[in-house]
> 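Before I ask anything, here is the structure I am working with.
Since the model is a prediction, treat every value here as computed from it, not as a measurement. All residue numbers refer to positions in the sequence shown, counting from 1.
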Amino acid sequence: MNQINDKMPVILIGNSFKYEIEATLKLFFNAERFSFSDNIADAAGSRYVIAQADGERISAEVMLDGKPVRAEKILETPVGEDKDTAEHELCRLIYHILSERLGVRPPWGLMTGIRPVKKVIDCMREGLTKEEIFRKLTDKYEITPKKLRLAYDTAVNQLPILDRIDSSAVSLYVSIPFCPTRCSYCSFVSHSMASAVKLMPEYVDALCRELAVIGNIVRETGIKVDTIYFGGGTPTSISAGDLRTIMEAVAKNFDIADVREYSVEAGRPDTITEEKLRVIKELGAQRISVNPQTLNDDVLKVIGRKHSGEDAIKAFEAARKIGFTNINTDLIAGLPTESYESFCNTLERMTELDPESITVHTLTIKRAADLFENGISDTGGTVGKMVDHSIERLMASGYLPYYMYRQKNTLDNLENVGYAKKGFESYYNIFIMDETQTILGAGCAASTKLVYPGGKITRIHNYKFPYEYISRFDQLMEKKNEVIECLTKIRSAPQK
């Protein structure tokens, strides 16, 4: 099967459940493309999916390699009267056909959303016991016991922090979308320094102007800034001077004295210098990330990194020398050519460095990433072993899972988990997953997430490319009126 050029036909008859059906299919074909129609004549060839709903009856037919398998179910309520149940049960039919046909049981079962922990927390807030939560989520989603325990443990550690969220405050995200080079697995909108260097003076100027505009809105509406996060790209790709200019703009336009958490994602070790680390610390950031992804030099070359594993260790030690007492490191399970033993060695060496938090991502193959064209879809269970080992090793070392998210096209349908020592959990990471606090985005490709009193969420996206961000800056600023409206409503809402 050519997973790039051939699209699997999916025929929807009597329903419009495209999104969830596609998400269910992605559990088994994570690098596949699909074509959707309501014409049964499109069900031709050696593979297709037909999802049909008619009154109380739902049915699914899946054709793989010329062998059709069909299943149906009679619902208690007609489809038109309970679409959510009909959608879920139709996806369940497809799920079971594919699971049996392919001999695969996705670890998260039928759960396709990116926030499994939120499901657990909702149950906790309903007053359900641990046993009741496990039974409810197992019955509905067929999650494996191992993943359900991980989600539950994460929820237990996250809930006390969620209960301390200040919904009347906001967080600030500052985007520096540049990297020395683009890693082969990366799909973020980031730009190489080689091509962006000529735009850098104008970009820094525009970003500082946007920070001034946002800062003025925050002051006029009387809103407090709770957390600040510099992300990218790799923020330390830029010069120490440019980094200082941007961080000084933050300090000038926002009251950072009461900010609970100020993070800078230093990221790639080949961009980290003592000078940049001193700038970051001097201007108020307490938390940084040093992200080697792996310490295996051969794997680093394969993914397009220009640094060695030893460079990553030196960067971490430099951050300690400068005085940082809250350092996160990122690792990726499932990188190309990475063996189980190599991954375990990286995890062991990073644990010995004793960072305050370690985030373990599972490799995700996005269409915009160079690796996607290889159509990676199965690892023979190796990445699952890597992830299982990371859970056991980190929790045995005193690291607790505190936030989790899932993505489409992730190898073996696994997850990304942040682990931290008690008291070193990242508020920003939790807030962005929980979606209960407004996050104001500044910079190219940044996104503003406005959370209105009552729960309504609106997103405002900045332009993706630096030249567009610079040339259309005035048009971008016109979008700030909605920010003023939201912050005014937050300020005037009754406080809990």
> Look at Lys421 together with Asp354 and state whether they make a salt bridge at an N to O cut-off of under 4.0 Å.
yes
> Of all heavy-atom pairs between Leu450 and Cys486, which one has the smallest distance, and what is that distance?
CB-SG, 3.7 Å
> In this structure, which one of Arg115, Lys147, Lys146 forms a salt bridge (charged side-chain N to carboxylate O under 4.0 Å, His left out) with Glu415?
Lys147
> Scan side-chain atoms only and decide if Tyr402 and Asn429 contain a donor-acceptor pair under the 3.5 Å cut-off.
yes
> From Asn253 CG over to Ile214 CD1, what is the distance, rounded to the nearest 0.5 angstrom?
9.5 Å
> Heavy atoms only: give me the nearest Thr227-Val259 pair and the separation to one decimal.
CA-CG1, 3.9 Å
> Between His361 and Tyr405, what is the ring plane arrangement, given parallel below 30°, perpendicular above 60°, and tilted in between?
perpendicular
> Quick one: is the NZ or CZ of Arg209 closer than 6.0 Å to the six-membered ring centre of Phe473, and within 45° of its axis?
yes
> Quick one: do Glu32 and Lys26 make a salt bridge, cutoff under 4.0 Å?
no
> Would you please indicate yes or no on a ring centroid separation below 6.0 angstrom for Tyr203 and Phe178?
yes
> Give a yes-or-no answer on whether the side chains of Asn481 and Glu485 include a donor-acceptor pair shorter than 3.5 Å.
no
> Is a side-chain donor-acceptor pair under 3.5 Å present for Thr410 with Thr362?
no
> Which class fits the ring pair Tyr229 and Tyr428: parallel under 30°, tilted 30 to 60°, perpendicular over 60°?
parallel
> Under 4.0 Å between a side-chain nitrogen and a carboxylate oxygen: does that hold for Arg125 and Asp163?
yes
> Using the six-membered ring of Tyr340, assess whether NZ or CZ of Lys385 lies under 6.0 Å from its centre and within 45 degrees of the ring axis.
yes
> Has the side chain of Asp166 got a donor or acceptor atom that lies under 3.5 Å from a matching backbone atom of Ser168?
yes
> May I ask you to establish whether Lys198 and Tyr467 are in a cation-pi arrangement, using a distance under 6.0 Å from NZ or CZ to the six-membered ring centre and at most 45° from the ring axis?
no
> Just by distance, with hydrogens left out, do Thr325 and Glu356 show a side-chain donor and acceptor under 3.5 Å apart?
no
> Report yes or no: do Gln437 and Asp226 form a side-chain donor-acceptor pair below 3.5 Å?
yes
> Hey, mind stepping through Trp108 and Asn413 against side chain to side chain contact (heavy atoms under 4.5 Å, CB included) and telling me if it holds?
CA-CA 7 Å; Trp108 289 96; Asn413 298 298; 5.5 Å; no
> When you compare the side chains of Gln158 and Asp434, does any donor N or O come within less than 3.5 Å of an acceptor on the partner?
no
> Using modelled atom types and a 3.5 Å cut-off, is there a donor and acceptor pairing between side-chain atoms of Asp311 and backbone atoms of Ser308?
yes
> Name the residue from Asp298, Thr294, Asn296 that meets the side-chain hydrogen bond (donor to acceptor under 3.5 Å, both in side chains) definition with Ser342.
Asn296
> Test side chain to side chain contact (heavy atoms under 4.5 Å, CB included) on Ile228 and Glu261; report intermediate values, then the result.
CA-CA 6 Å; Ile228 299 172; Glu261 177 182 281; over 6 Å; no
> Do any N or O atoms from the side chain of Asn157 and from the backbone of Asp153 form a donor-acceptor pair under 3.5 angstrom?
yes
